[in-house]
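As structure tokens, the structure follows; a few thoughts come after it.
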There are 2 protein chains.
Amino acid sequence: MTTTRSRGSRRLEILGAAANLFAARGFHGVSIEDIGGAVGVSGPALYRHFSGKEALLAEMLLGISSRLRESAAAAVTSPGGPEETLDALLNVQITFALEQPALITVHDRELGNVPEPERRQIRRLQRLYVEEWVTVLAELHPSCPPPRLRAATHAVFGLLNSTPHSAGELPARAMRLLLHAMARAAIAASVNAH
Amino acid sequence: MTTTRSRGSRRLEILGAAANLFAARGFHGVSIEDIGGAVGVSGPALYRHFSGKEALLAEMLLGISSRLRESAAAAVTSPGGPEETLDALLNVQITFALEQPALITVHDRELGNVPEPERRQIRRLQRLYVEEWVTVLAELHPSCPPPRLRAATHAVFGLLNSTPHSAGELPARAMRLLLHAMARAAIAASVNAH
DNA sequence: CGGTTACGTTAATGATGACTAACATCGGCC
DNA sequence: GGCCGATGTTAGTCATCATTAACGTAACCG
């Protein structure tokens, strides 16, 4: 029945289904059976693809933070001044938040359930991602102390990641523009206010 | 040993400890034993105060959304024009986010684990809270369509609730001002951008 | 064909965890 | 002093769940 899946496609299918379930009910609220069921196999079949539930989560979070950091690095090294770079970073985060709300949700809730070796690496990638933002903001506003820029960055992430909460309120294009405008304004204010 | 606790203080102590644990590890990641242990009693003692784990969560979320909605109603009925009302609403949410980060976290993650009778009521309170915001924003910007205002409101909540992520980056007073300025600017932009 | 590899299946197994039962303690209060 | 309600305790009980075992099957490769 399974029409000769391209290698690794099953892994991805599982990761996707698990992401939705984790986002909806939390890591501990989802059973191996649930995940298997969501892709049409039942329970222990998952162990053919992952060494365990935690390993699955680890791979998921590692994938997310790698992709984010990679995209950010691309945005930063692309041509253009800091203003254009900031726009590129905004687009990275907005695109991710709009297209993968489940991944965004899991990404900032479930780090605590990742076992130690990988946990450290994910943290590292997340920190690097934040620092790309802080670096660009510092270029734009050299007088603003870094801790303030960091706090502003987290606030902007919160703003952009609100997508899962306002699902369907607006069409994607309008939402994209709205988030971009709000984030831009928030950043400007974060720096001007003293 | 327990110096004649005023009635109900134990309940509150338990609710507080449980909030911290739920925020850190998620509802299903925390055991009854954990919660008991956090207040110095062990395990099943909790059933003297709550009928079960889900009931405990329900009461927690109900308390949060009631308090928020109540504060919002107070802000709305206080004297002053829409600008002042918006400032008051901002202060409500910022104060809550800064002083009770665990409650804020639980509030927007764990609704799905509340059993049905109470779930509906919590949803209702949350909706009312959002509508207080939307009403004030609509007064300020009558030309902006409500769905857009709703999306903007959720985005502002996301921004303000970022507090748990940037814990300790800035002193509380500075954080408060920063969040206020960013939120104000984001709201203005949400409306101006066409 | 014979064997190996990739993927699944259904039964254990062993923990963990929510909830209940049976049994204290202790501070009022008559 | 003796009853009682509030509050704990420890030892079950019964589910649920992650993980493993033992056992197909089918494509592919020699």
Side-chain angles (χ1 to χ4, degrees), chain A residues 1-22 24-61 106 110 112-119, chain B residues 1-22 24-61 106 110 112-119:
Chain A
M1 191 209 278
T2 30
T3 50
T4 313
R5 291 186 176 291
S6 55
R7 242 184 326 285
S9 116
R10 209 51 187 279
R11 283 176 72 82
L12 296 182
E13 198 183 351
I14 292 171
L15 283 168
N20 289 328
L21 289 169
F22 289 164
R25 311 211 292 266
F27 182 72
H28 294 292
V30 175
S31 75
I32 288 287
E33 266 291 322
D34 292 333
I35 302 174
V39 302
V41 303
S42 246
L46 299 194
Y47 290 85
R48 297 293 166 190
H49 303 277
F50 299 92
S51 71
K53 202 185 171 191
E54 288 186 332
L56 193 163
L57 179 68
E59 182 164 331
M60 187 183 303
L61 290 197
V106 173
E110 306 294 1
N113 293 309
V114 175
E116 235 334 324
E118 295 89 335
R119 173 119 123 247
Chain B
M1 192 212 278
T2 30
T3 51
T4 311
R5 294 188 173 291
S6 56
R7 239 186 329 286
S9 116
R10 209 52 188 282
R11 283 176 72 81
L12 296 182
E13 198 184 351
I14 292 170
L15 282 168
N20 290 327
L21 289 169
F22 290 163
R25 311 211 292 265
F27 182 71
H28 294 290
V30 175
S31 75
I32 289 286
E33 266 292 323
D34 292 334
I35 302 174
V39 302
V41 303
S42 246
L46 299 194
Y47 290 87
R48 297 295 167 190
H49 303 277
F50 300 92
S51 71
K53 202 186 171 190
E54 288 186 333
L56 193 163
L57 179 68
E59 182 164 331
M60 187 183 302
L61 290 197
V106 173
E110 305 293 2
N113 292 310
V114 176
E116 233 337 322
E118 296 89 335
R119 171 118 121 248

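Naming: A, B, ... by sequence-line order, numbering from 1 per chain. Atoms considered below: every heavy atom in the structure, side chains included; atoms not considered: hydrogens, waters and symmetry mates.
Rounded to whole angstrom, the span from the CZ atom of A/Arg10 across to the C1' atom of C/dC7 amounts to 9 Å. Spacing between atom CG of A/Leu56 and atom P of D/dA18 amounts to 11 Å, rounded to whole angstrom units.
Note on A/His49: a side-chain N or O is less than 4.0 Å away from OP1 or OP2 of C/dG8.
Contact annotation: the side chain of A/Glu59 never approaches that of A/Glu118 to less than 4.5 Å [non-hydrogen atoms, C-beta and beyond]. Residues A/Val41 and A/Ile14 are not in side-chain contact: their nearest non-hydrogen atoms beyond the backbone lie 4.5 Å or more apart. Proximity of B/Phe22 to B/Leu56: side-chain heavy atoms (C-beta onward) are separated by under 4.5 Å at one or more points. In this structure the side chain of A/Asn113 never reaches within 4.5 angstrom of the side chain of A/Glu54, judged on heavy atoms.
Listed candidates were C/dT10, C/dG8, D/dG8. Nearest to the side chain of B/Ala45 is D/dG8. Minimum atom distance to the side chain of B/Ser31 is reached by C/dG17, of the listed C/dT20, C/dG17, D/dC17. Nearest to the side chain of B/Pro44, among C/dT20, D/dT9, C/dT9, sits C/dT20.
At a threshold of 4.0 angstrom between heavy atoms, the contacts of A/Gly52 are confined to the sugar-phosphate backbone, with no base atom among them.
The residue among A/Gly29 and B/Val41 whose nearest nucleotide of DNA chain D lies closer to the 5′ end is B/Val41. Nearest-nucleotide mapping onto DNA chain D: of B/Arg48 and A/His28, the residue sitting toward the 5' end is B/Arg48.
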